[in-house]
Amino acid sequence: MHKQYRTLPNHPPYHQSDVLTLASLAWLATGLVLLCLTPLPAHDAAHGWSPAFWLIVAPAVVLAMLHPRAVLAPAKNWRRARSSRGTRR
């Protein structure tokens with residue numbers, strides 16, 4: 001059964017996972033920009049791998065948890081294609 005969400009007048013209904021997905025994508029994109037275009041190091045002696053974790057790994061994990069099929073499906077397809085290549089003649 002679908003949950004009913006309260007919507008504001010003149011606004012389309014939304015799902016919470018869509019908002020979380022957009023927030024995670026924005027977080028990941030911002031982290032990539034910060035690590036690539038600024039002198040912020042991925043590894044620091046004082047903080048270890050913390051900047052890289054919070055800017056890239058954490059939003060990627062959130063996205064993987066929100067959409068596990070998108071993460072697992074390519075691996076299943078790759079294994080299936082690889083195993084079928086060996087059996088063809």
Side-chain angles (χ1 to χ4, degrees):
M1 201 178 326
H2 296 285
K3 291 182 179 179
Q4 295 295 326
Y5 292 98
R6 261 182 62 187
T7 59
L8 297 173
N10 300 326
H11 291 287
Y14 65 92
H15 297 285
Q16 187 176 3
S17 65
D18 293 341
V19 173
L20 289 174
T21 299
L22 289 174
S24 298
L25 285 171
W27 180 12
L28 181 61
T30 303
L32 287 171
V33 168
L34 284 174
L35 284 178
C36 292
L37 298 178
T38 63
L40 181 67
H43 184 271
D44 186 2
H47 304 297
W49 288 101
S50 186
F53 174 79
W54 287 111
L55 294 174
I56 295 177
V57 177
V61 168
V62 171
L63 285 170
M65 296 304 289
L66 288 173
H67 303 285
R69 290 182 188 168
V71 175
L72 298 176
K76 286 182 183 178
N77 292 339
W78 180 78
R79 275 186 261 136
R80 187 178 302 136
R82 186 172 179 197
S83 66
S84 66
R85 269 190 270 156
T87 59
R88 282 189 202 164
R89 292 183 188 232

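Just so it is clear, the model here is predicted, and its values are computed rather than measured. Reckoned from all heavy atoms, side chains included, excluding hydrogens, waters and symmetry mates. For this chain, numbers begin at 1 and follow the sequence in order.
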(Q) So, taking the atom named CG in Leu20 and the one named CE in Met65, what distance separates them when rounded to the nearest 0.5 Å? (A) 12.5 Å
Q) If you look at every heavy atom in Ser24 and Pro59, which pair is closest and at what distance? A) O-CB, 3.7 Å
Q. Between Ala52 and Ala42, which heavy-atom pair has the shortest distance, and what is it?
A.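 It is CB-O, 3.5 Å.
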For a quick test of your reading: what N or O donor-acceptor pairs under 3.5 Å do the side chains of residues 25-41 make, sequence neighbours left out?
{"unit_1": "Trp27", "atom_1": "NE1", "unit_2": "Trp54", "atom_2": "O", "d": "2.9"}
{"unit_1": "Thr30", "atom_1": "OG1", "unit_2": "Ala26", "atom_2": "O", "d": "2.8"}
{"unit_1": "Thr38", "atom_1": "OG1", "unit_2": "Leu34", "atom_2": "O", "d": "2.2"}

